[in-house]
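We use all heavy atoms of the structure for the numbers below, so side chains are in, but hydrogens, waters and symmetry mates are not. As the structure is a prediction and not an experimental result, all values here were calculated from the model. Each chain gets a letter, A, B and so on, in the order its sequence line appears, and its residues count up from 1.
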Number of protein chains: 2
Amino acid sequence: MAKIIGMEVLDVRFPTSKELDGSDAMNPDPDYSAAYVVLHADGGPDGYGLAFTIGRGNDVQAAAIRALAPHVVGRDVPEDAAALGDLSRTLVGDSQFRWLGPEKGVAHMAVGAIVNAAWDLAARRAGLPVWQFAARMTPEELVSLVDFRYLTDALTEAEALDILRRAEPGRAERAAQLEKHGYRAYSTSPGWLGYADAKLVRLAEQAVADGFEMIKLKVGGNLEDDVRRMKLARETVGPDIRIAVDANQRWDVSAAVTWMTALAPYDPYWIEEPTSPDDVLGHAAIAQALAPIKIATGEHVQNRVIFKQLLQANAISVLQLDAARVGGFNENLAILLLAAKFGIPVCPHAGGVGLCELVRHLSMFDFVAVSGTDADRSIEWVDHLHEHFTDPAVVERGRYLAPTAPGFSARMHDATLRRFRFPDGPEWTETASE
Amino acid sequence: MAKIIGMEVLDVRFPTSKELDGSDAMNPDPDYSAAYVVLHADGGPDGYGLAFTIGRGNDVQAAAIRALAPHVVGRDVPEDAAALGDLSRTLVGDSQFRWLGPEKGVAHMAVGAIVNAAWDLAARRAGLPVWQFAARMTPEELVSLVDFRYLTDALTEAEALDILRRAEPGRAERAAQLEKHGYRAYSTSPGWLGYADAKLVRLAEQAVADGFEMIKLKVGGNLEDDVRRMKLARETVGPDIRIAVDANQRWDVSAAVTWMTALAPYDPYWIEEPTSPDDVLGHAAIAQALAPIKIATGEHVQNRVIFKQLLQANAISVLQLDAARVGGFNENLAILLLAAKFGIPVCPHAGGVGLCELVRHLSMFDFVAVSGTDADRSIEWVDHLHEHFTDPAVVERGRYLAPTAPGFSARMHDATLRRFRFPDGPEWTETASE
């Protein structure tokens, strides 16, 4: 049996704050970063994963991943659901490390980066992209990957098995459909808060021309500006293109209601992250006040327990899972199953570093093997930083193409790792001496 | 103006797993640890704070504290509410670092350790213990310390001011009462899961003889064992001593209800941490099913937003704040104000490393300046590791004495820091070579 013989963790940062790409109401100057993990295997390919951060603290994230190395190095290379379930349980279940969360923040993202790297490794060895590797597992194997602790008041193992069995018959047809037509994307590129109006209009026109059916604007900085930008965007794209807005946690409950009421005349499709991602009851109150405007959240939702409650409380109508925030593929499977149980569409958060690359696997797997539908579902598309990945996400005519290369697509080019390594890569040492 | 000229962070670990002190259903073998921070000031005393962990990962916690040093070193030594509010806002508000939470887990505990060290520093310079230093601030100054973001649907600044003003008249009398009689404690020492029955009985008898009115047992390992231990404890202490039980997050909702129904004949006073600390709605369902047994949680509640919801949802009847889990004194003030608004008693979590030392300041400050009452309130007491602190918590006849030394009491002896420093202190190098 091949072994994992080493784990390497790199602090990689991109100076995105220079261009105000990624600027929003809570994150004015992010430097998109990755705590990047490589699992070295003896013989055969290595496995790649990452946690996404926005700059300072990426070293802390890297330290958290390194702290878990004793659970990983020396282990057999995972090849199946049993091994991938065992790894996840071991990492989440370290009773001392668990105190740092439990199952949240830096410690949990560290688990997620390693679990995803292990999926990458297993899928590479199987010669399949992760979405197909997972979609070939039986319902029983898939259920064995999930930690049902704290979920059973909303979703039992038996219910999960039912959901997966119901989706089993059409798997091959839906996989073929993805290979032919891809998966719907929406574009956030026009809407960053730091962009001038003319740039917003130009990028919104471009998005429509490129075939996107929805764009997204950042809001929450200044109400007057937001009304102007929203009106401009609506005039630019016309009534048939959906416009989502995203407040990045800027508001309290009453501010969310006031602000969105002012934007309502321009028909926002959803309001994303109106308030704290921890505030289930706050989201529920906002949802009730603003219906039929949809409420979306997820990129900062720390784990399956918060998602469970958001669904139980009718607090969200769109679930935005994130590939690198929670405990990796295994916990995202739990979240997809919860969404399927409650009949809520999943529209993953993407952008950042490598999130588009990773998350397309989750949506495509969901379509094939879990929810069995893509109705009202789309994956966020932000056209940043893809050039650094060896298997970059590709969007054509508003749709993500199905990835075909083996693995989970988180691997970066060696040249990128050398150039952007923090603080000693030339991108940073040259900037510092400017 | 004196400056903070340096920040030192130490990884200090105690090998408590050897004795099964601190063993419970989720934490079978903790090594109680502290990521310990010293703020060096130029002239006058230094400031001390800590984040508590249970072993592995304490290095990650230390790294997170170090990552915040640029916000601290070079700053004026804080002397008043304005400076302590500003420091807290700066640390919580770092827009890049915030991504690691937001306001939760390792990153947030790092903020808490530094904020508490700054309170220690300010109180030392004022020559007062923190509970008195804070209790001399005006209601306006206290309100200025609080971050009301995400709270205003439950507690506005005006309501907080009202609460503090109502408590103003009796401050001096209540402070005098604390100096004379101290503050009620309860004892967890008898109930660790790893203890044999005979040890449980002996320690329970001792607790009653020592004047405690409540003891606490750990549960959640095995139902039959728990029923036997609970029956034994009840027979030992008689009907008039309260017995709380603590499941340390072991259960799902239905398991919590089944298990506690089996223990109900022995009159448990509260069930603590029945399920995930993230599960507001789960706690609410358990509370409804188990009334009149009280529901308590808090040691792992990540921030004020979760506490707000636990109160809004009638999910807890006892709030167990923790001195070192959230963003330090400032956020704990927000939590005390929330509890006062909802009329829920605060019984802080303690034990660990230094938590008894720190938290007595919070309860005493609450009694003097916030809730104005100690009805149904008590502070956990665990008689471990106090010998390592320069101003150790002292409990006599079941009551915490009021601390009189200046500061927040988190300072450890230099000999302790040398001996227990991980991994190079002699306690660890000698153990390794045994």
Side-chain angles (χ1 to χ4, degrees), chain A residues 17 26-31 33 52-61 63-64 66-67 70 94-110 148-153 249 251-255 275-282 285 300 302-303 305-306 308-309 312-313, chain B residues 17 26-31 33 52-61 63-64 66-67 70 94-110 148-153 249 251-255 275-282 285 300 302-303 305-306 308-309 312-313:
Chain A
S17 59
M26 292 294 271
N27 309 297
D29 56 354
D31 285 325
S33 304
F52 168 59
T53 81
I54 62 170
R56 284 183 296 280
N58 199 48
D59 50 332
V60 179
Q61 186 60 60
R66 278 186 206 107
D94 180 318
S95 67
Q96 292 189 353
F97 202 74
R98 185 180 182 279
W99 189 268
L100 302 180
E103 298 187 57
K104 59 179 65 76
V106 170
H108 203 43
M109 290 194 283
F148 285 91
R149 177 170 282 184
Y150 307 138
L151 293 189
T152 57
D153 56 326
Q249 314 168 23
W251 301 318
D252 282 27
V253 171
S254 67
T275 189
S276 163
D278 308 342
D279 199 348
V280 173
L281 300 178
H300 263 109
Q302 64 204 32
N303 58 35
V305 181
I306 302 287
K308 178 190 74 167
Q309 295 174 81
Q312 288 174 314
Chain B
S17 59
M26 291 295 270
N27 309 297
D29 55 354
D31 286 325
S33 303
F52 168 58
T53 82
I54 63 171
R56 284 185 295 280
N58 199 50
D59 50 333
V60 179
Q61 186 59 61
R66 278 187 206 107
D94 181 318
S95 68
Q96 292 190 353
F97 202 75
R98 185 180 183 279
W99 189 269
L100 303 179
E103 300 189 53
K104 60 180 63 79
V106 170
H108 204 43
M109 290 195 282
F148 285 92
R149 176 170 283 183
Y150 307 138
L151 294 189
T152 57
D153 56 324
Q249 314 169 23
W251 301 319
D252 282 26
V253 171
S254 67
T275 191
S276 164
D278 307 342
D279 198 348
V280 172
L281 299 179
H300 264 108
Q302 63 203 32
N303 59 35
V305 181
I306 302 288
K308 177 190 75 166
Q309 294 174 83
Q312 287 174 315

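Val60(B) approaches Ala63(A) most closely through the heavy-atom pair CG2-O, 3.8 Å.
Counting heavy-atom pairs closer than 4.5 Å to chain B, the top residue among Leu151(A), Asp153(A), Asn58(A) is Asp153(A). Heavy-atom pairs under 4.5 Å with chain B were tallied for Lys308(A), Gln302(A), Gln312(A), Glu103(A); the largest tally goes to Gln302(A). Chain A forms more heavy-atom pairs under 4.5 Å with one residue of Ala64(B), Ala110(B), Ala313(B) than with any other, namely Ala64(B). Annotation: maximal heavy-atom pairing with chain B below 4.5 Å, among Val253(A), Val305(A), Asp279(A), Thr152(A), occurs at Asp279(A).
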Passes side chain to side chain contact (heavy atoms under 4.5 Å, CB included), Lys104(B) versus His108(A)? Steps please. CA-CA 11 Å; Lys104(B) 60 180 63 79; His108(A) 203 43; over 6 Å; no
Verdict with reasoning, Val280(B) to Val280(A), per side chain to side chain contact (heavy atoms under 4.5 Å, CB included): CA-CA 8 Å; Val280(B) 172; Val280(A) 173; over 6 Å; no
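For Tyr150(A) (side chain) and Gly282(B) (main-chain N/O), no donor-acceptor pair under 3.5 Å exists by modelled atom type. Not one N or O on the side chain of Gln96(A) forms a donor-acceptor pair closer than 3.5 Å with the backbone of Gly57(B).
Proximity to chain A (any heavy atom under 4.5 Å) is restricted, for Asn303(B), to the side chain, taken from C-beta onward. Both the backbone and the side chain of Pro102(B) come within contact range of chain A, each with at least one heavy atom under 4.5 Å from a heavy atom of that chain. Contact annotation for Phe148(B): only backbone heavy atoms (N, CA, C, O) come within less than 4.5 Å of a heavy atom of chain A. With a threshold of 4.5 angstrom between heavy atoms, Val106(B) approaches chain A through its backbone and through its side chain. Both the backbone and the side chain of Leu100(B) come within less than 4.5 Å of a heavy atom of chain A.
Using modelled atom types and a 3.5 Å distance limit, the side chains of Gln309(A) and Gln309(B) yield no donor-acceptor pair.
Looking at heavy atoms from C-beta onward, Asp278(B) lies out of side-chain contact with Asp278(A) at the 4.5 angstrom threshold.
In summary, Arg66(B) and Asp59(A) do not engage in a salt bridge, as defined by a charged side-chain N under 4.0 Å from a carboxylate O.
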